[in-house]
Amino acid sequence: MQKLYTDPLTKGMLLLEDWTNKIATSKYNPFYYHGALPQFFLWVLFLTGLLLFAYYIPTIDNAYASEKLINAWTSVDYITNTIPFGAVFRGMHRYAGDAMVLTIVLHVLRVWFTDRYRQYRIVQWLSGVVLLLMVLFIGQTGYYLVWDDRSLILTRMTVSAFDALPLIGGPLKTWFLNGEEITNLTLSNFLFIHIGLSFGLLFGLWIHYVRMQRPVITPPPAINYILVAILLMVVAWMPIASGNMAQLTQQPTSFEIDWFFLWPYWMMANMPLGAYWLVLIVGTVLLCLIPYTAKTPPVEAAEVVLNKCTGCSLCSKDCPYNAIEMVPAPAGSRFKLLATVKEFRCSGCGVCVGACAFDAIDLPNLLDTDVTSQIKALVQN
Ligand code: HEM
Ligand code: SF4
Ligand code: SF4
């Protein structure tokens, strides 16, 4: 414990938070809502996406043949220029996506730098890596849906990247294009992936939260209002516009990068595709391995004193990591339930010891006097 709070990364992060507290007060300090912020932007994305979905038409038909086209590009144009507030909703959808990535990065740095990412938090970390990959891919499919020059070049680059993969490349390409070449069915597939994976995020988040008793998933209303106001200001400052309508007969060669979502395409353009996949795969594996790199003493899980436990469940309700399960008490007991500790989930935090009024749960090798002397040492540091 002593070592933890003297670690330079942790100390730096806590100093930054302390400094932010002086400006924003602890109630409105955004660092304390590091996980709730991306969750908030996800709700904004769902709401604004609903409006876009209502008017979006996933086809590439007649891409440049007639004056009165009805296809993906013209439907996006209709949303932006004809529907009241359509441009605002489109802009909010785009920038909420960027903000989600930004706040996920903040969230990851926060949990990493404050040492809240390993051992009993491993499920949160690993599910977080999957969520991050999903968010990035969902954002990229959003760029394909506009069906402008950039969408076309990104689609073709993705196909080339799949082509470079041995064995699975071919099937992946067919799945991605929904056939062997770009057709109307390709855009239906992009829309399906974009929306389907977004709902998949909810399942991923359920796994992310399942081991936490009280995850903080909503920022206070004042922060939400400020975030919406910031989004609106950014939309007014940098309105979103599509490029030219995609034309399959042409081959655009350059496009504007959104560094939040499209950096993999920058990599694709600047390195051999084999190296691109290698960097992506090794990067993901390293991210997954981060929690296993820290050298820390094993956690001493809490222990229930069987003959003292009354089965009152207070410890189970208070445990932050859902590590205490109430099971039926053995035959002959005066009580109905008995607390049992799932050791692999226990952080050794001692909250249960404080919750129990019957001295029926202990942390082995950690006496009250030890805790007091450790706290004194920390305060003096
Ligand atoms: C869709 C993106 C994500 C959302 C909405 C999200 C949301 C959250 C929320 C609300 C919490 C609870 C925070 C608290 O109660 O203080 C949390 C915890 C956590 N998240 Fe995420 N998260 C996301 C992505 C990630 C990623 C990419 C990682 C790491 C690779 C990650 C790692 C963790 C860890 C380790 C915890 C536990 C922290 C603790 O116990 O204090 N999360 N997340
Ligand atoms: S020490 Fe107690 S409260 Fe803390 S995680 Fe373990 S069982 Fe839960
Ligand atoms: S708080 Fe104490 S008495 Fe109540 S269930 Fe937990 S260990 Fe048993």
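One-based numbering, in listed order, for ligands and for the atoms of each.
Counting protein heavy atoms only, atom 5 (S) of ligand 2 is closest to Ser347 N, 3.3 Å. Protein heavy atom in closest approach to atom 8 (Fe) of ligand 2: Cys319 SG, 2.3 Å. Of the protein's non-hydrogen atoms, the one nearest atom 26 (C) of ligand 1 is Gly128 CA, 3.4 Å. With hydrogens left out, the protein atom closest to atom 31 (C) of ligand 1 is His208 CE1, 3.4 Å, a heavy atom. The protein atom (non-hydrogen) at minimum distance from atom 24 (C) of ligand 1 is His107 CD2, 3.7 Å. Scanning the protein for heavy atoms near atom 3 (S) of ligand 2, the closest one is Cys352 N, 3.3 Å. When only non-hydrogen protein atoms are considered, atom 4 (Fe) of ligand 2 lies nearest to Cys349 SG, 2.3 Å. Looking only at protein heavy atoms, the nearest one to atom 35 (C) of ligand 1 is Arg116 O, 3.3 Å. In terms of protein heavy-atom proximity, atom 4 (C) of ligand 1 is nearest to Leu205 CD2, 3.7 Å. Among all non-hydrogen protein atoms, the one lying nearest atom 6 (Fe) of ligand 2 is Cys346 SG, 2.3 Å. Nearest non-hydrogen protein atom to atom 2 (C) of ligand 1 is Ile104 CD1, 3.5 Å.
For ligand 3, the atoms sitting less than 4.0 Å from at least one non-hydrogen atom of Thr310 are 3 (S), 8 (Fe), numbered in the order shown with element in parentheses. The distance from ligand 3 to the heavy atoms of Cys315 drops below 4.0 Å at these ligand atoms: 1 (S), 5 (S), 6 (Fe), 7 (S).
The shortest separation from a heavy atom of Lys308 to ligand 3 is not under 4.0 Å, leaving the residue out of contact. By the 4.0 Å heavy-atom criterion, Pro320 is counted among the residues contacting ligand 2.
Considering backbone and side-chain N/O of Trp125, none are found under 3.5 Å from N/O of ligand 1.
Contact annotation for Tyr209 and ligand 1: only side-chain heavy atoms (C-beta onward) come within less than 4.0 Å of the ligand. Counting heavy atoms closer than 4.0 Å to ligand 1, residue Leu42 contributes nothing at all. Contacts between Val216 and ligand 1 below 4.0 angstrom, taking non-hydrogen atoms only, involve backbone and side chain alike.
In this structure, the ring of Tyr33 has its center no less than 6.0 angstrom from the ring center of Tyr28.
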